[in-house]
Amino acid sequence: MKLSFKSFSLLSFGLLLAACTDNEGLPFDEEQNNSAKEVLNWGVHILSHGTSPSINSDGTDKEDQVDNIVLAGSAANNYTPGAGSATFGIPRFSGKKNFFFAANLNAADQTTVGVSGSETAFNQVILNTTDYLRQPIGNKAATTPIPMTATLRDIEVDAAGNFQQRNAAGTLVPASQVNFTRAFAKVELEMKNPGNFAVEKVVLCNVPKQFALAAPIQNYSGTAPQDYMSEVELYSDPTSTGTLSAAGGTETKTFYVPELTVAAPSFHEQGSRGMMYVAVYHKITGETGTFITAYRIGDPTLSSPNYGKVLRNHVYKLKVQGSAAKRTANPASPTTPVTYFAN
């Protein structure tokens, strides 16, 4: 089961001294720095976890929290964590320029983005997943701000120093906002024991070790184990006394993961194809041994261009439980389970 949505919120910020790129992704001409500069206050849309635009107002999940902002190609900016405005410096330029933004990065990654002044360089920024993973699948606090990105294209500066862009009709209008997007997907997981599949543990598998700021890493390798994190335990009940050991028991978990796009995704086959999935280790009433039932995370719609993908800023709702449709390495040895994919 899957549900996805996008929502945005408003953050105003002014521009004062930073670098930008032209619409071919080339650095601006440094000789233009002596031109007169004007400051334009921009409104910036920030990802919101709800249906109403917001900025730094989500007191529960902190999905709209912004602690820092960096503009690609800019080594410095003026932004107070949690504030509704920021200041960057843009030397006057001619023609059109593209601007690339990131939010909620650590100091080292801010530096990397700060020197990535061209579009090509920004597209090549690769970050380590573990630096940003919240609990329960990472070591960061559950309210750690989530990485975000934004792009503003074809910006022009008029004779008065006003930053402008063209609307759908081709008319120059003030460049008044930037739409930030959460770089991670959100997974809402429901784990259940309907009555005959007592759960021993639930694990998350195939979380990529790296993710890109600009766009998904295409054809993420599913053959090299080092490309993925070790499986992450979401539920454990070694003594069979937990919530999911009893009939009707239910538990929920919410977590955030980076994008994952593999070369040949496939649902309804007995192999992961490198796709991200949740595995349930469970009993089957009346049978001996432990069995594994797995559920893929991703878009299951075969006709969709996003088939099999886990994409940023999407919400995936997944229900998992044990299954009688078991697989074992050897029918005569049911204590050696093989993962059965239920979707």
Side-chain angles (χ1 to χ4, degrees), residues 1-7 47 49 51 63 129 133 136-137 146 181-194 197 199 201-212 215-223 227-229 231-235 244 250-282 284 291-327 337-343:
M1 177 179 289
K2 167 187 171 292
L3 173 68
S4 64
F5 68 91
K6 293 183 179 179
S7 55
L47 177 75
H49 102 285
T51 56
E63 288 191 359
T129 299
L133 278 185
I137 65 172
I146 300 168
T181 300
R182 185 179 64 215
F184 283 0
K186 180 179 183 178
V187 180
E188 297 177 349
L189 178 68
E190 179 182 305
M191 302 168 284
K192 186 176 182 179
N193 173 13
F197 305 120
V199 177
K201 69 175 180 177
V202 178
V203 298
L204 174 64
C205 302
N206 286 353
V207 176
K209 281 187 174 181
Q210 296 181 312
F211 68 99
I217 300 174
Q218 296 300 310
N219 302 331
Y220 201 93
S221 174
T223 58
D227 288 342
Y228 297 103
M229 294 172 49
E231 65 180 30
V232 180
E233 197 168 84
L234 299 170
Y235 174 87
L244 301 181
T250 301
E251 282 206 14
T252 60
K253 294 281 187 182
T254 297
F255 51 89
Y256 301 83
V257 293
E259 296 177 296
L260 180 59
T261 298
V262 298
S266 180
F267 281 78
H268 303 291
E269 75 163 47
Q270 296 310 312
S272 75
R273 295 284 187 103
M275 299 168 68
M276 199 181 309
Y277 66 92
V278 173
V280 181
Y281 288 68
H282 62 93
I284 298 177
F291 305 90
I292 309 172
T293 301
Y295 298 80
R296 294 174 176 86
I297 302 171
D299 187 339
T301 307
L302 186 59
S303 60
S304 170
N306 297 326
Y307 176 68
K309 298 177 181 179
V310 176
L311 296 179
R312 67 183 62 194
N313 203 33
H314 283 56
V315 178
Y316 298 90
K317 293 190 175 183
L318 189 66
K319 294 184 178 181
V320 303
Q321 64 179 54
S323 170
K326 59 186 181 295
R327 297 177 71 212
V338 175
T339 302
Y340 168 76
F341 282 88
N343 68 352

Review point. Are any non-hydrogen side-chain atoms of Y228 and L260 less than 4.5 angstrom apart?
Key: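 Answer yes - side chains close enough.
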Review point. Got M276 and P208 here, is their nearest side-chain heavy-atom distance under 4.5 Å?
Key: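 Yes. Closest side-chain heavy atoms under 4.5 Å.
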From [X] [atom1] over to [Y] [atom2], what is the distance, rounded to the nearest 0.5 angstrom?
X    : Y    : atom1 : atom2 : value
I146 : T181 : CD1   : OG1   : 12.5 Å
F291 : I284 : CZ    : CD1   : 4.5 Å
N193 : H282 : CG    : NE2   : 10.0 Å
F255 : L133 : CZ    : CG    : 10.5 Å
R296 : L318 : CZ    : CG    : 11.5 Å
T293 : Y281 : OG1   : OH    : 11.0 Å

Heavy-atom closest pair, residues [X] and [Y]:
X    : Y    : result
N206 : G274 : ND2-C, 3.4 Å
T129 : M229 : CG2-SD, 4.1 Å
Y340 : A325 : CG-O, 2.9 Å
Y256 : R182 : CE2-NH1, 4.2 Å
A294 : T339 : CB-CG2, 3.4 Å
P216 : T261 : CB-OG1, 3.6 Å

**Study point:** Derivation of the side chain to side chain contact (heavy atoms under 4.5 Å, CB included) call for T250 and E190
**Key:** CA-CA 7 Å; T250 301; E190 179 182 305; 3.7 Å; yes
Excluding sequence neighbours, so at least two apart, what forms salt bridge (charged side-chain N to carboxylate O under 4.0 Å, His left out) with [X]?
X    : value
K326 : E287
E259 : R312
E188 : K186, K317

Practice item. Please identify each residue that fulfils side chain to side chain donor-acceptor pair (under 3.5 Å) with S266, with sequence neighbours left out. Key: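 Side chain to side chain donor-acceptor pair (under 3.5 Å) list for S266, sorted by chain: E269.
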Exercise for review: With sequence neighbours left out, write down each residue that passes side chain to side chain donor-acceptor pair (under 3.5 Å) with Q321, or none if nothing qualifies.
Suggested key: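 Scan of Q321 (side chain to side chain donor-acceptor pair (under 3.5 Å), adjacent residues dropped) gives none.
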Review point. Who passes side-chain contact (heavy atoms from CB on, under 4.5 Å) against S304, sequence neighbours left out?
Key: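 For S304, the residues satisfying side-chain contact (heavy atoms from CB on, under 4.5 Å) (neighbours in sequence not counted) are D299, T301, N306.
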Revision key, fill the gap. The residue among Y295, Y307, F341 that forms ring-ring contact (aromatic ring centres under 6.0 Å, His included) with F267 is Y307
Practice item. Using a cut-off of 6.0 Å, state whether more than 12 heavy atoms not belonging to K192 lie near its atom NZ. Key: no
Point to revise | Check: R273 side chain, A264 main-chain N or O, donor-acceptor pair, under 3.5 Å | key: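 Yes; at least one donor-acceptor contact below 3.5 Å.
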Review point. Just by modelled atom types, is the E251 backbone N or O under 3.5 Å from a matching donor or acceptor in the Y235 side chain?
Key: no
**Study point:** Option passing side chain to side chain contact (heavy atoms under 4.5 Å, CB included) with L234 (candidates L189, V203, V187)
**Key:**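 Only one of L189, V203, V187 forms a side chain to side chain contact (heavy atoms under 4.5 Å, CB included) with L234, namely L189.
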